[in-house]
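No experiment lies behind these values; they were computed from the predicted model shown. When a ligand or atom number is given, it counts from 1 through the structure's own listing order.
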Amino acid sequence: MTPVFIGSEIYRNSTYGKNHPLAVPRVSSTTDLCRALGWLNGGNFAEAPMASVAEVTRFHDPAYVAALLRAEQTQNVSEEDRARFHIGAFSNPVYPEIFRRPMISAGGVLLAARLTLEGGIAYAPGGGTHHGRQDRASGFCYLNDPVLGMLAWLDQGVRRIAYVDIDAHHGDGVQDAFAGDPRVLTVSVHEEGRWPRTGLATDRAGGSARNFPVPAGFNDTEMRCVLEAILTLVRAHRADAVFLQCGADALEEDPLSRLALSNNAHWAVVAALMQVAPRLIVTGGGGYNPWTVARCWAGVWATLNGFALPDILPPAAEAVLRTLRFNRAAGRNPPAHWFTTLRDAPREGMVRPEVAVLARQALEDADDADRILGGAVPAPPDNPVFP
Ligand SMILES: [Zn+2]
């Protein structure tokens with residue numbers, strides 16, 4: 001089955017405000033770049049529908065969803081809503097699409113879950129809001145579309161899911177939503193000591209989580225080492241579906257982390273996870289340098305499809321990257337390859353002992369994960385979608 005790209009025009013010109021890290025375009029530039037490269041056509045692009053309130057309240061508190069709608073309608077927030085739902089603060093501001101944009105991101109991921117029910121690959125770069133909480137906004141995230149997408153899979157008969165999160169920040173909202181749930185293994189690779197400061201290596205969330213808090217300067221070679229451990233864990237879990245949160249903020253040029261990956265590392269994770277289960281959803285996530293995000297996420301789409309990457313971008317694709325602006329030091333004099341290429345130079349290096357230890361700990365625990373997670377899965381529903 002051909003992979004499906006799920007997008008929306010809601011992201012174009014939608015920002016969280018000019019001083020917010022999410023002032024930059026991401027999904028629109030990724031989509032434009034893929035179109036300019038001839039990688040999207042009528043058959044492999046789907047418009048993300050807006051989720052219904054009933055769909056998102058499968059996980060979220062109805063009062064919170066109502067508060068998001070109120071904030072969009074009034075473009076304001078009461079003191080009570082600000083305190084209770086954490087909206088209207090700098091991280092989670094009131095912005096013009098504060099209700100529609102998260103609802104469309106959720107709708108896109110729910111569509112991805114439906115489209116992959118009987119197998120296949122869906123890519124929703126607008127999804128990946130992994131910090132969203134049941135009853136409040138957190139870390140630029142209002143709704144938690146990964147949680148909603150995986151609940152949709154489970155509700156429709158998928159039995160065992162591996163969630164892999166390579167955003168620079170710990171996937172705390174997703175881990176907590178499935179803590180102790182033997183059906184979902186959540187794995188997160190993130191910078192140690194960075195907000196939200198959770199996701200220690202010892203944090204197992206009742207057996208359902210594994211965490212790789214990696215040091216600053218984390219390189220492509222180290223990611224390969226961690227990836228081997230992740231693949232072992234995913235196989236031990238016997239996942240029949242994989243959900244990859246592919247945030248781009250662990251890339252070297254991102255302003256919000258000190259990790260040092262090239263986009264080759266992200267694409268290698270995507271390529272490896274395509275092989276381990278019959279169902280795959282890939283979303284975006286963080287990513288705050290407009291060039292690195294667009295180049296990384298367009299390359300994710302190429303990887304999912306097996307498209308060859310041009311060494312030098314054709315003029316129409318370069319033109320997409322030339323329109324981007326970045327209100328930070330790196331935006332004043334961007335290097336030429338941010339306009340003319342997709343692929344970064346690889347950033348190989350030593351595998352530092354602390355990274356090897358993280359991977360080894362996970363490998364030592366792989367059998368344990370199989371015992372804990374494998375032994376406790378409830379009986380399948382009466383009318384399972386899958387045999
Ligand atoms: Zn992040």
Query raised in the report: Taking NZ, NE, NH1 and NH2 as the nitrogens, is one of them in Arg133 or Asp172 under 4.0 Å from a carboxylate oxygen of the other?
Result: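 Yes.
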
Query raised in the report: With distance as the sole criterion, is a donor-acceptor pair present between the side chains of Gln175 and Asp165 under 3.5 Å?
Result: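 On atom types as modelled, these side chains do not qualify, holding no pair under 3.5 Å.
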
Query raised in the report: Taking only residues two or more places apart in sequence, or in another chain, which ones meet Ala201 in a side-chain contact (heavy atoms from CB on, under 4.5 Å)?
Result: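 Ala201 satisfies side-chain contact (heavy atoms from CB on, under 4.5 Å) with Pro213, Leu358, Gln361 only.
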
Requested in this report: Less than 2.8 Å from the Zn ion (ligand 1) is the window; count the protein N, O or S atoms in it.
Outcome: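 Step by step: take the Zn ion (ligand 1), keep protein N, O, S below 2.8 Å, and you get 3.
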
Report task. Looking only at non-hydrogen atoms, find the nearest pair between Met1 and Leu115 and report the distance. Result ->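 For Met1 and Leu115, the tightest heavy-atom pair comes out as CE-O, 3.7 Å.
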
Requested in this report: Keeping to residues at least two apart or across chains, list the side-chain hydrogen bond (donor to acceptor under 3.5 Å, both in side chains) pairs with something in residues 24-47.
Outcome: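 Those involving residues 24-47 are Arg12-Asp32.
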
Report task. Please identify each residue that fulfils ring-ring contact (aromatic ring centres under 6.0 Å, His included) with His337, with sequence neighbours left out. Result ->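 In terms of ring-ring contact (aromatic ring centres under 6.0 Å, His included), with neighbours along the sequence ignored, His337 is linked to no residue.
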
